[in-house]
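The next block holds one structure in the form of structure tokens; read it before the comments.
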Amino acid sequence: MYGFLGCAPLGNTLALPVWLKARELDPLYLYGGANAGFVLSCMGRSSEGVSYLDEVLNIEPNFGAGMLWKSVLCCDMNRLEEAAALLVKAQGQFATGSMNSRSVLYAQYALALEKRDSPRADALLKQIMTRLEDPRTFSWEIDFGACTLLPFLVRHGQMDVAFQILKRNLEEGYFPLYDALIFDPRLEPLRREGRFKPILEKSRQDFEALMKVLEQARGNGEFPSFLESPFANLNKRLGIKL
């Protein structure tokens with residue numbers, strides 16, 4: 001059940017306790033710890049997140065999604081040889097056309113950027129943008145691309161591409177990024193750009209609408225009790241009045 005709740009449009013801050021709860025209830029549910037690790041990385045906390053991915057890979061060393069996501073975190077932490085080795089192993093675990101096989105592009109691009117391999121990075125980015133701009137691409141894939149790529153794009157000065165992906169995510173996205181856009185320290189250069197303001201305002205409007213839906217569910221007694229405190233704290237941090 002919590003696996004489905006974690007995939008709901010909660011934002012990263014509220015998704016984290018959901019995935020941790022799933023991990024607590026069933027330590028052998030690999031996506032509980034793996035998604036907790038990935039969500040932490042989307043919040044700029046890769047050094048915390050990698051321990052959860054290590055945990056699931058100790059249980060199942062050939063867990064493809066775990067290897068893929070850990071490779072992204074390793075890129076963020078400048079552990080590039082480890083990231084490259086994990087990525088090679090992960091690719092062999094995915095069926096062609098699967099969600100994770102398409103997400104490999106994001107990890108490959110992050111690695112190419114960190115290795116300063118401009119020709120490869122440019123070629124991968126062309127593939128990625130073609131995919132993200134395709135109207136047939138699912139919203140979750142656009143969201144995953146934004147969560148994964150924005151910190152690397154900002155770090156390497158690819159601000160135009162970062163804004164292009166952000167705008168695409170606002171058009172078609174499912175999973176709200178507002179809390180990450182506000183809290184992730186890696187995105188500070190993005191927040192200093194004047195053209196970020198309208199994107200942030202639209203993102204906040206969408207996030208506030210979501211919080212109001214969750215507040216209604218809470219009032220109806222349909223809200224998990226373990227999310228009460230994180231929900232209240234998040235709204236207080238963001239200054240959202242319900």
- Item | Step-by-step ring pair (Phe, Tyr, Trp, His ring centres under 6.0 Å) determination, Phe138 to Phe144 | CA-CA 10 Å; Phe138 291 114; Phe144 189 74; over 10 Å; no

- Please walk me through it: do Glu215 and Phe231 pass side-chain contact (heavy atoms from CB on, under 4.5 Å)? CA-CA 9 Å; Glu215 173 63 17; Phe231 180 67; 3.4 Å; yes

- Message: Could you walk me through whether Val161 and Leu149 satisfy the side-chain contact (heavy atoms from CB on, under 4.5 Å) test, starting with their C-alpha distance in whole Å, then the side-chain angles of each, then the deciding distance to 0.1 Å, before giving a yes or no?
- Response: CA-CA 10 Å; Val161 179; Leu149 296 176; over 6 Å; no

- Query: Does the salt bridge (charged side-chain N to carboxylate O under 4.0 Å, His left out) test come out yes or no for Lys126 and Asp122, once each step is laid out?
  - Reply: CA-CA 6 Å; Lys126 185 176 180 180; Asp122 291 345; over 6 Å; no

- Task: Evaluate salt bridge (charged side-chain N to carboxylate O under 4.0 Å, His left out) for Asp184 paired with Arg191, printing each intermediate quantity in order.
- Result: CA-CA 10 Å; Asp184 188 341; Arg191 291 189 283 268; over 6 Å; no

- Task: Dump the intermediate steps for salt bridge (charged side-chain N to carboxylate O under 4.0 Å, His left out) on Glu201 and Arg204, then the final yes or no.
- Result: CA-CA 5 Å; Glu201 288 176 351; Arg204 182 179 177 90; over 6 Å; no

- Stepwise salt bridge (charged side-chain N to carboxylate O under 4.0 Å, His left out) check, Lys167 with Glu171: CA-CA 6 Å; Lys167 289 176 182 178; Glu171 292 169 356; over 6 Å; no

- Item | Step-by-step side-chain contact (heavy atoms from CB on, under 4.5 Å) determination, Arg23 to Glu55 | CA-CA 11 Å; Arg23 168 180 168 270; Glu55 181 182 273; 2.7 Å; yes

- Item | Evaluation steps, ring pair (Phe, Tyr, Trp, His ring centres under 6.0 Å), between Phe63 and Tyr31 | CA-CA 10 Å; Phe63 179 40; Tyr31 281 96; 5.0 Å; yes

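Looking at Tyr178 and Gln205, their side chains never come closer than 4.5 Å, going by heavy atoms from C-beta outward. Between His156 and Arg116 the shortest side-chain heavy-atom distance falls below 4.5 Å. Using a 4.5 Å heavy-atom cutoff, the side chains of Tyr109 and Thr148 are not in contact. In this structure the side chain of Tyr106 never reaches within 4.5 angstrom of the side chain of Leu124, judged on heavy atoms. Here the side chains of Leu14 and Leu214 are in contact, with some heavy-atom distance below 4.5 Å. Side-chain atoms of Leu238 and Phe183, non-hydrogen and from C-beta on, do get closer than 4.5 Å to each other. A heavy-atom distance below 4.5 Å is not found between the side chains of Met77 and Glu82. Asp76 is listed as a side-chain neighbour of Arg155, based on a closest heavy-atom distance under 4.5 Å.
The number of heavy atoms from other shown groups lying within 6.0 Å of CZ (Arg237) does not exceed 12. Crowding of Glu188 atom CD: a count of heavy atoms from other residues, nucleotides or ligands under 6.0 Å exceeding 12. Remark: Glu193 CD is packed, more than 12 non-hydrogen atoms of other residues, nucleotides or ligands lying under 6.0 Å away.
Nearest approach of Gly49 to Leu73, heavy atoms of both residues: C-CD2, 3.6 Å.
By the criterion of side-chain heavy atoms lying less than 4.5 angstrom apart, applied directly or through intervening Ile, Leu, Val, Met, Phe, Trp or Tyr residues, Leu227 is grouped together with Leu242 in one hydrophobic cluster. Under the 4.5 Å side-chain heavy-atom criterion for grouping Ile, Leu, Val, Met, Phe, Trp and Tyr, Phe226 is connected to Phe223 within one hydrophobic cluster. Grouping the Ile, Leu, Val, Met, Phe, Trp and Tyr side chains by contacts below 4.5 angstrom, directly or via other members, places Tyr52 with Ile59.
If you run side-chain contact (heavy atoms from CB on, under 4.5 Å) between Leu187 and each of Val154, Leu177, Ile182, only Val154 comes through. Applying the side-chain contact (heavy atoms from CB on, under 4.5 Å) test between Asn169 and each of Leu150, Ile142, Ile199 identifies Ile142 as the sole match.
In this structure a side-chain-to-backbone donor-acceptor pair under 3.5 Å is missing from Ser203 to Leu200.
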